[in-house]
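Everything on this sheet refers to the single structure shown next.
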There are 2 protein chains.
Amino acid sequence: MKIDPNSPADLSAQIAKAIRDAIMSGDLLVDERLPSEAELSEQFDVSRPTVREALKRLGAQSLIRTQRGATGGAFVNRLRFEDAYGQQITTSTLLLSMNDVSFGTACEARYALERSCATLASERRTADHLATMRAETHRQSQPGLTDEAFCASDVAFHRALVDAAGNPVISYQLAGAVEAMQPLMNMITFSARSRETIVGLHSQIADALEQRDGAAVDMHLSALADYTNTLAQSIIDARQAAKANN
Amino acid sequence: MKIDPNSPADLSAQIAKAIRDAIMSGDLLVDERLPSEAELSEQFDVSRPTVREALKRLGAQSLIRTQRGATGGAFVNRLRFEDAYGQQITTSTLLLSMNDVSFGTACEARYALERSCATLASERRTADHLATMRAETHRQSQPGLTDEAFCASDVAFHRALVDAAGNPVISYQLAGAVEAMQPLMNMITFSARSRETIVGLHSQIADALEQRDGAAVDMHLSALADYTNTLAQSIIDARQAAKANN
DNA sequence: AATTTTCATTTGTCAGACAATTAATCGTCT
DNA sequence: AGACGATTAATTGTCTGACAAATGAAAATT
């Protein structure tokens with residue numbers, strides 16, 4: 001392992017890249033121990049703090065884990081789906097909030113991707129998935145619920161739907177699309193009427209899933225997408241009108 | 001900003017979390033400057049190297065950027081879609097390679113998600129998208145192409161298809177699913193015959209897109225999914241048979 | 001043989017220093 | 001007065017050396 005000394009500086013970034021490449025190319029295997037920080041600083045001919053900064057970078061991406069003590073050190077981490085979920089959600093949420101993505105665009109993405117689970121979910125859904133969806137639907141119909149709790153339950157419902165497709169890769173990819181919508185949804189005030197409509201559609205989706213009717217799931221999801229979008233649009237319009245009046 | 005001194009250690013992780021939370025909650029706005037490393041080390045009552053490790057963690061997630069010099073410092077970074085692509089691809093690739101996800105599962109996820117673009121792409125595709133897809137299809141039909149180059153072109157084709165949906169959120173989410181497949185695809189040896197079939201399906205997809213026929217796009221994508229899976233399965237079977245013979 | 005103690009290794013943290021970079025400030029000259 | 005160059009201050013990047021804390025292994029003791 002060597003690094004380019006006349007590169008645009010930032011040694012720790014270069015070292016992180018070198019190690020990351022070694023992991024991605026398979027030179028470093030899962031659970032393999034990296035050289036100690038002292039050895040790495042010799043190999044790369046930099047100081048230990050610089051090596052440490054590089055290792056922290058990799059740690060932030062869950063590529064390595066560290067352990068103190070005699071047999072400790074930095075180890076190549078087996079990246080688990082659960083670890084990746086969190087990062088995916090963080091990144092997706094920030095992407096939406098920092099790039100003024102419109103509600104419509106985010107909503108379109110979420111439902112378009114989610115609809116791709118309809119067939120698989122109707123084939124593979126278990127009683128567990130269905131029970132979760134029923135429970136969340138029921139919670140959503142309770143009167144005293146805050147808008148935040150309603151949205152959180154909405155996310156839980158849709159995650160169950162996605163998980164019902166029984167494909168961890170899909171679940172991972174959609175975690176971001178589904179969860180990142182919550183901050184946007186939280187900005188909407190749901191009337192009793194609109195909640196009722198959404199709960200109704202959720203029930204229909206659950207029913208269709210129970211009967212393993214993929215086409216119906218898809219149809220109701222599509223209806224839900226349309227309704228959510230219309231609802232958001234009317235709220236945005238109302239706010240703009242109120243703004244114009246002031 | 002304060003941190004818990006009797007937490008399970010790793011000060012730099014705690015500090016990183018504190019700053020990350022401040023960014024995600026909106027306490028720190030895009031392009032806002034963080035206090036200097038010296039100030040942060042005072043505020044958190046830790047040493048500068050510890051603060052630096054925390055900042056490197058955040059930098060690895062593209063949450064901040066740093067600049068040297070008099071007016072330099074660490075700034076909250078506007079997370080761009082392009083930056084997020086890279087992380088998404090890295091994470092997805094490692095997820096697949098480290099969790100022995102089967103080719104079938106990954107393939108299913110990729111095509112299920114990609115099919116959700118069919119309708120949108122057929123409505124919004126521009127001449128540019130079409131031209132890219134035609135160009136890649138043409139490249140794929142050239143005889144001397146290595147398997148790696150063939151797969152790379154395949155990825156480029158499908159990215160153009162995804163981008164044609166004209167929704168940056170979808171493009172971002174699917175970047176991982178599409179690109180992370182390449183290492184798996186690279187392990188397949190494509191016969192002249194199978195290449196021909198794939199190129200044929202690609203052409204049909206492009207044709208359908210040209211005519212803005214979403215249903216046809218979806219159908220051909222589905223056919224491509226089936227064919228890819230069958231192809232991979234036959235290769236896996238052949239390898240196992242060869243293995244049994246030895 | 002089991003238990004305790006010691007020890008070596010390794011990461012986590014700290015203090016202080018210097019180099020490199022960069023923009024603002026200050027002088028100087030025209 | 002204005003343009004241009006030198007100085008300066010602030011800030012990140014890097015290094016050195018040190019000590020603390022954790023932890024497993026080896027040695028000593030019972």
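Chain letters run A, B, ... following the sequence lines, proteins first and then strands; every chain starts at 1.
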Original post:
Given that B:L34 and B:P49 both sit by DNA chain D, which one's nearest nucleotide is further toward the 5' end?
Top reply: B:L34

Subject >> Length of the CD-C1' vector between A:E42 and C:dT10, whole Å >> reply: 15 Å

Original post:
What's the closest nucleotide to the B:E37 side chain, out of C:dT11, D:dG13, C:dT9?
Top reply: D:dG13

Original post:
OP1, OP2 of C:dT10 versus side-chain N and O of A:R33: anything below 4.0 Å?
Top reply: yes

Original post:
Roughly how many Å is it from CG in A:D10 to C1' in C:dT21, rounded to a whole number?
Top reply: 13 Å

**OP:** Calculate the interatomic distance between A:K56 atom NZ and C:dG12 atom C1'; express it in whole Å.
**Re:** 7 Å

Original post:
Does NZ or CZ of B:R110 fall inside the cone over B:F103's six-membered ring, less than 6.0 Å from its centre and within 45° of the axis?
Top reply: no

Original post:
Which whole-number value in Å describes the distance from A:L58 CG to C:dT11 C1'?
Top reply: 16 Å

Subject >> Below 4.0 Å: OP1/OP2 of C:dT9 and any side-chain N or O of A:T71 >> reply: no

**OP:** Using a strict 4.0 Å threshold on nitrogen-to-oxygen distance, state whether B:E53 and B:K56 make a salt bridge.
**Re:** no

Original post:
Of the candidate nucleotides D:dT11, D:dA9, C:dT13, which contains the atom at the shortest distance from the side chain of B:S36?
Top reply: D:dT11

**OP:** Indicate the ring-plane relationship of B:F81 and B:Y172, choosing parallel, tilted or perpendicular according to the 30° and 60° boundaries.
**Re:** perpendicular

Original post:
To the nearest angstrom, how far is A:R68 atom CZ from D:dA20 atom C1'?
Top reply: 8 Å

Original post:
Taking CD from A:Q14 and P from D:dT14, how many angstroms apart are they, rounded to a whole number?
Top reply: 9 Å

Original post:
When you measure from the side chain of B:L11, which nucleotide among C:dT13, C:dT21, D:dA10 comes out closest?
Top reply: C:dT13

**OP:** Using only heavy-atom distances, decide whether a donor-acceptor pair under 3.5 angstrom links the side-chain of B:R48 to the base of C:dG16.
**Re:** no

**OP:** Test for a donor-acceptor pair under 3.5 Å between the base of D:dT14 and the side chain of B:R52, counting only N and O atoms.
**Re:** no

**OP:** Nearest-nucleotide wise, let me know which of A:D45 and B:E39 is further upstream toward the 5' end of DNA chain D.
**Re:** B:E39

**OP:** Flag the pair A:D163 and A:R125 as a salt bridge only when some basic side-chain nitrogen lies within less than 4.0 angstrom of an acidic carboxylate oxygen.
**Re:** no

**OP:** For the pair A:H158 and A:Y111, name the ring-plane relationship: parallel under 30°, tilted 30 to 60°, perpendicular over 60°.
**Re:** perpendicular

**OP:** Whole angstrom is fine here: how far is it from CZ in A:R65 over to C1' in C:dT11?
**Re:** 15 Å

Subject >> Closest nucleotide among C:dC14, D:dG13, C:dT9 to the B:T66 side chain >> reply: D:dG13

Original post:
Starting at the 5' end of DNA chain C, which residue's closest nucleotide do you reach first, B:T50 or A:Q67?
Top reply: A:Q67

